[in-house]
Amino acid sequence: AQSVTQLGSHVSVSEGALVLLRCNYSSSVPPYLFWYVQYPNQGLQLLLKYTSAATLVKGINGFEAEFKKSETSFHLTKPSAHMSDAAEYFCAVRVLRTGAGSYQLTFGKGTKLSVIP
Amino acid sequence: KAGVTQTPRYLIKTRGQQVTLSCSPISGHRSVSWYQQTPGQGLQFLFEYFSETQRNKGNFPGRFSGRQFSNSRSEMNVSTLELGDSALYLCASSLDGGENTEAFFGQGTRLTVV
């Protein structure tokens, strides 16, 4: 079954430092992968999505992610962290429910990002 | 363009009661999915509705049910509430729920069962 694993439930970086949030997927076919961000007491907002058109995907708020098939990874990065980036980040994959013939999002456990001033 | 609207934002219920949560998707979107988010289990898929039909269902007991109306608005119902049902319930809408379609989430309903 397709799934994603996020390494590190909590990541702390200094303001201005590189942000790297890790996500590995397991899939026997090219997956559709997504990164979402959740601020406290809010819903999820889409940061970016991979659809096989390009391996380097640029998203909102300066984030980007690179799809690496050889490593089955889709890590999220941002060159310089801002205080406003403090939130929880979720990696997700669209999974086909064969019995239902439709798709659902399956999420990783999430990584909480703290930004230290 | 209005986003996904979930009502109410907060609910406090007593064990054994039932509750109904509402979700109004983005105009034109026909697929509505529901997720339960808890600190221990993370985000778990409840069910998906498309054109008034439940198309997909997660591994939740029958106490969790839902429906979708002809205008694509959706409701989910939880009967005989248990303490463990305390969670943030998120609704997501998309055009058709296909593999590449983007899902837009509402702000969620925070349910507390006491």
Side-chain angles (χ1 to χ4, degrees), chain A residues 1-10 23 25 27-54 57 59-60 67 87-112, chain B residues 3-10 21 23-26 30-51 53-60 68 87-112:
Chain A
Q2 292 177 317
S3 65
V4 289
T5 302
Q6 292 183 243
L7 301 175
S9 59
H10 194 189
C23 173
Y25 68 90
S27 174
S28 57
V29 297
Y32 284 95
L33 294 162
F34 304 81
W35 274 102
Y36 283 87
V37 61
Q38 185 179 36
Y39 298 99
N41 294 318
Q42 298 292 320
L44 277 66
Q45 180 183 10
L46 181 68
L47 280 175
L48 49 81
K49 66 178 181 180
Y50 169 73
T51 61
S52 77
V57 183
I60 62 171
F67 176 77
E88 191 158 18
Y89 293 79
F90 293 90
C91 182
V93 63
R94 274 250 192 238
V95 175
L96 175 64
R97 290 284 293 260
T98 51
S102 65
Y103 295 89
Q104 72 183 60
L105 279 171
T106 296
F107 289 88
K109 292 289 189 185
T111 298
K112 194 163 289 187
Chain B
V4 180
T5 303
Q6 290 188 246
T7 56
R9 287 293 312 278
Y10 302 92
L21 313 181
C23 172
S24 293
I26 292 171
R30 295 165 63 193
S31 169
V32 174
S33 296
W34 289 88
Y35 294 83
Q36 182 195 64
Q37 185 178 23
T38 59
Q41 299 298 318
L43 281 151
Q44 292 187 288
F45 172 77
L46 279 156
F47 29 64
E48 183 217 3
Y49 285 86
F50 180 79
S51 293
T53 302
Q54 186 182 85
R55 187 164 68 171
N56 205 343
K57 190 177 191 305
N59 297 322
F60 278 81
Q68 187 180 35
L88 181 66
Y89 290 88
L90 292 165
C91 162
S93 81
S94 66
L95 276 171
D96 58 13
E99 188 170 24
N100 189 25
T101 57
E102 185 175 333
F104 295 84
F105 284 80
Q107 292 193 304
T109 294
R110 172 76 63 185
L111 172 65
T112 302

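Throughout, a chain's letter reflects where its sequence line sits, starting with A, and its residues are numbered from 1.
B/V4 pairs by the side chain to side chain contact (heavy atoms under 4.5 Å, CB included) definition with B/C23, B/I26, B/C91, B/S93, B/F104, not counting sequence neighbours. Partners of A/Y39 by ring-ring contact (aromatic ring centres under 6.0 Å, His included), not counting sequence neighbours: none found.
When all heavy atoms of A/G43 and B/L90 are compared, the pair lying nearest together is CA-CD2, 3.8 Å. Here the closest heavy-atom approach between residue A/Q38 and residue B/L88 is recorded as NE2-CD2, 3.7 Å.
Heavy atoms of A/Q45 lying under 4.5 Å from chain B are absent altogether. Contact of A/L46 with chain B is made through the side chain alone, with heavy-atom distances under 4.5 Å.
At a threshold of 4.5 Å between non-hydrogen side-chain atoms, the residues A/Y32 and B/T101 do not count as touching.
Among the residues in residues 33-43 of chain B, those with a non-hydrogen atom closer than 4.5 angstrom to a non-hydrogen atom of chain A are B/Y35, B/Q37, B/G40, B/Q41, B/L43.
Between atom OG1 of residue A/T51 and atom CD of residue B/E102 there is a gap of 11.0 Å, rounded to the nearest 0.5 Å. The distance from the CD atom of B/Q107 to the CG atom of A/N41 is 9.5 Å, given to the nearest 0.5 Å. Atom-to-atom distance recorded for A/R94:CZ and B/S94:OG is 5.5 Å, nearest 0.5 angstrom.
Annotation: salt bridge (charged side-chain N to carboxylate O under 4.0 Å, His left out) contacts involving residues 30-51 of chain B, sequence neighbours excluded, comprise B/E48-B/R55.
Aromatic rings from B/F45 and A/F107 are positioned such that their centres are separated by 6.0 Å or more.
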